[in-house]
Amino acid sequence: MGYRRPRGTYDVYPGGREPNERPDLWQWVEETARSFFRRYNYREVRVPVFEETQLFVRGVGEASDIVRKEMFVFEDQGGRSLALRPEGTAGVVRAYVEHGLYKQAQPLKLWYAGPMFRHERQQKGRYRQHTQIGVEVLGTSDPLVDVEVIDLLYRLHKAVGVRDEVVYINTLGDFATRERYVPELKAYLEKHRTDLDPDSVARLASNPLRVLDSKDPGTRAVLAEAPAIGEFLSDEARSDFEAVKEGLETLRVPYEVDERIVRGLDYYTSTVFEARSGALGAQDSVGSGGRYNRLIEDLGGPDLGGIGFGSGVERMLLAAAAREEERSLDVFFVTLVPEARLPALELANALREEGLSCDLDYAGRSAKGQFKQADRAGASYAVVMGEEEYRGGYCTLRDMSSGEERRVTVSAGPGELLRRLL
RNA sequence: GUGGCCGUAGCUCAGUCGGUAGAGCAUCGGAUUGUGGCUCCGAAGGUCGCGGGUUCGAGUCCCGUCGGUCACCCCA
């Protein structure tokens, strides 16, 4: 065995078995997403797959697991520390600030798609290089945008056939809310410190909110009696959250409030959400996101709000209902004498110029083999060029579904053939 | 980073008590001197992950190692 792909990666190729290995499914999801972004009036943004390490440390958060143990960090030849992006938002916000995009008409509605990198142990639906399709709406804190973004995520997933999905939402409140809630939560957890798991004890110091999403049974038991953020919401945070819920109801986006959602990225504020599918394994989050009203300022921009989601394409594919690959080709040229091969290629090219898809045999197959190949390629027509045809200046046009055949003159060029096909 | 399970043909797998490698699918050819899907026949395809050990003999037993996978942690 020669070289193998790096751990946690996969290839996409004709014949790939897993849904995330099939090019036809990738193209289908990408086209579906593009169609949604066009209809919701989002414009594309492309940013580098690596950035200064510090951008992610500041943006995603020093205390987050992603920064602490999951980044691919390397030094360039000038000794600068760079990191492969572990998520999409930080880079997009950096570009927004760097180019002064907040001076354009706001909000700016952006979408992106591309690979993200996290140094994790592989399991079902989790890769070291995975692909996210995401959006960011920058320059406003209007809760109606939260509604649009969540609706977009939900309908995109529906369109690609994600099964058994539920959208969970929560609010982390604004700054005032957290100033009141976090000390309460912390005080409560401190009292029950001995019943918490070690990870949660550590988070008590670094980021107490994160304790809320612990799966440890002992910690969960403590949390059952913990103060809930819902009771601490400021008037503004409460009315924003109500507006989001009302909006989702109006747009008929089914959702459930889950107060345990706090997200592992530190920049989130206010609305957070996560779409989970029962069709996945333990990694059941298909797409998620939230509002980040401090991030733009933290990265050196003005005090403006933003919200976005990232959706994992591999997980969308894994959670989607099975789909057969549909192959199609307009014409397959069957050549039965060597002299006919170049004329066939010439004719094929003439048809290609007109927008028809064409192919021919390059493997030296038997006649039977070539028809089989035409069938497999999903060809609508076969154009047979054998000894008789070659000498007579015509070809035989075979309709692959009916089996009907007719002579078509080609000595004067592709005109007659085109007339039959277009 | 930790743990469970698994590595045999391109893919999915069988391989009994340790006796020198099998099937299905896929590929190519033939049955049909130039005609696909269905059927039948045939061919090609293997470092049994790798290294070591035990044995007359190892795909099979033992040790190590690498890889995969699922789960934990966390996330898309």
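Since the structure is predicted, the reported quantities are computational estimates derived from the model, not experimental observations.
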Can you tell me if the side-chain N/O atoms of R121(A) get under 4.0 Å from OP1 or OP2 in rU2(B)? no

So which nucleotide does rC72(B) pair with, by the Watson-Crick or G-U wobble rule with both distances under 3.5 Å? rG1(B)

Measure from CZ on R128(A) to C1' on rU69(B) and round the result to the nearest Å. 14 Å

Could you tell me whether E274(A) contacts a base, only the sugar-phosphate backbone, or nothing, with contacts defined as non-hydrogen atoms closer than 4.0 Å? nothing

Would you indicate what V313(A) reaches in the nucleic acid, counting non-hydrogen atoms under 4.0 angstrom: base, sugar-phosphate, or nothing? nothing

Between rU35(B) and rG30(B), how far is it from one P atom to the other, in whole Å? 10 Å

For rC40(B), give its Watson-Crick or G-U wobble partner with both distances under 3.5 Å, or none. rG30(B)

Looking at Q122(A), does any N or O in its side chain come under 4.0 Å of the phosphate oxygens OP1/OP2 on rU69(B)? yes

Side chain of Q373(A) only, heavy atoms from C-beta on: which candidate in rU69(B), rC74(B), rC28(B) is closest? rC28(B)

Please report, rounded to the nearest Å, how far the C1' atom of rG49(B) is from the CZ atom of R4(A). 7 Å

Work out how far the C1' atom of rU12(B) is from that of rA71(B), and round it to whole angstrom. 24 Å

Roughly how many Å is it from CD in Q370(A) to P in rC28(B), rounded to a whole number? 11 Å

Give me the distance, rounded to whole Å, that separates rC11(B) from rG68(B) when you measure between the P atoms they each carry. 15 Å

L196(A) has an atom CG; how far is it from atom P of rC73(B), in whole Å? 15 Å

Spacing of the C1' atoms in rA14(B) and rA23(B) (rounded, Å): 7 Å

Quick one: is the NZ or CZ of R34(A) closer than 6.0 Å to the six-membered ring centre of F37(A), and within 45° of its axis? no

With a 4.5 Å heavy-atom cut-off, do C395(A) and V384(A) have their side chains touching? no

If you look at every strand shown and take non-hydrogen atoms under 4.0 Å, does R5(A) touch a base, only sugar-phosphate, or nothing? nothing

base_contact_polar (rC74(B) base, R126(A) side chain, donor-acceptor, <3.5 Å): yes

Going by atom types alone, do Y255(A) and E249(A) pair a side-chain donor with an acceptor below 3.5 Å? yes

Below 4.0 angstrom from OP1 or OP2 of rA76(B), is there any side-chain N or O of R85(A)? no

Closest approach of I307(A) to F273(A) (non-hydrogen atoms, all atoms of both residues): CD1-CE2, 4.2 Å

5′-ward residue of the pair R365(A)/G281(A) relative to RNA chain B: R365(A)

For a quick test of reading the model: is some side-chain N or O of S285(A) closer than 4.0 Å to OP1 or OP2 of rA76(B)? no

Strictly below 4.0 Å: does S288(A) bring a side-chain N or O up to OP1 or OP2 of rA76(B)? yes

P atoms of rC40(B) and rC70(B), separation to the nearest Å: 36 Å

Closest to the E120(A) side chain, choosing from rG67(B), rC74(B), rU35(B): rC74(B)

Given that both distances must come in under 3.5 Å, which nucleotide forms a Watson-Crick or G-U wobble pair with rG18(B)? none

Report yes if at least one side-chain N or O of K372(A) is closer than 4.0 Å to OP1 or OP2 of rG37(B); otherwise report no. no

Any donor-acceptor pair under 3.5 Å linking the side chain of S277(A) with the backbone of R163(A)? yes

Within the pair Q123(A) and rU69(B), is there a side-chain N or O less than 4.0 Å away from OP1 or OP2? no

Compute whether any side-chain donor of one residue and acceptor of the other, for E314(A) and Y10(A), lie under 3.5 angstrom apart. yes

Can R294(A) be said to sit on top of F175(A)'s aromatic six-ring, NZ or CZ under 6.0 Å from centre and within 45° of the ring axis? yes

Nearest-angstrom distance from the residue atom CG of D399(A) to P of rG37(B): 17 Å

So what's rG57(B) paired with, Watson-Crick or G-U wobble, going by both distances under 3.5 Å? none

Does rG30(B) have OP1 or OP2 under 4.0 Å away from a side-chain N or O of S366(A)? yes

Paired to rA9(B) by Watson-Crick or G-U wobble criteria (both distances under 3.5 Å) is none

Going by the angle between their ring planes, with limits at 30° and 60°, are F72(A) and F117(A) parallel, tilted or perpendicular? perpendicular

Report yes or no: is the cationic atom of R43(A) (NZ for Lys, CZ for Arg) closer than 6.0 Å to the six-membered ring centre of W111(A), at no more than 45° off its axis? no

Roughly how many Å apart are rG15(B) and rC73(B), using the C1' atom of each and rounding to a whole number? 39 Å

Would you say R376(A) reaches rG36(B)'s phosphate, i.e. side-chain N/O to OP1/OP2 under 4.0 Å? no

C1' atom, rA58(B) versus rC63(B): distance in rounded Å? 15 Å

Of the listed rA71(B), rU35(B), rA31(B), the closest approach to the K368(A) side chain comes from rA31(B)

Give a yes/no on whether any side-chain N or O of R203(A) is located under 4.0 angstrom from OP1 or OP2 of rC74(B). yes

Selected nucleotide, minimal atom distance to A282(A) side chain, candidates rU35(B), rC72(B), rG34(B): rC72(B)

Result for salt bridge (charged side-chain N to carboxylate O under 4.0 Å, His left out) between R398(A) and one of E404(A), E389(A), E405(A) points to E405(A)

Can you check the W111(A) CH2 to rA76(B) P distance for me, whole Å? 20 Å

Taking the nucleotide of RNA chain B with the closest heavy atom to each, which residue, F371(A) or E87(A), is nearer the 5' end? F371(A)

Measure from the side-chain heavy atoms of D375(A) and tell me the nearest of rG34(B), rG37(B), rC73(B). rG37(B)

Nearest listed nucleotide, side chain of K215(A), among rC11(B), rU35(B), rC74(B): rC74(B)

Taking only the side-chain heavy atoms of Q132(A) (C-beta and beyond), determine which of rC74(B), rA76(B), rC28(B) contains the nearest atom. rA76(B)

Base, sugar-phosphate, or nothing for G134(A), non-hydrogen atoms under 4.0 angstrom? nothing

Give a yes or no on whether a donor-acceptor pair under 3.5 Å exists between the nucleobase atoms of rG34(B), that is its base, and the side chain of E405(A). no

With the side chain of E387(A) defined as its heavy atoms from C-beta on, choose the nearest nucleotide among rU12(B), rG34(B), rA76(B). rG34(B)

Between rC28(B) and rC38(B), how far apart are the two P atoms, rounded to whole Å? 14 Å

Nearest-angstrom distance from the residue atom CD of E18(A) to C1' of rC11(B): 12 Å

Atom CZ of R276(A) and atom P of rA76(B): how far apart are they, to the nearest Å? 12 Å

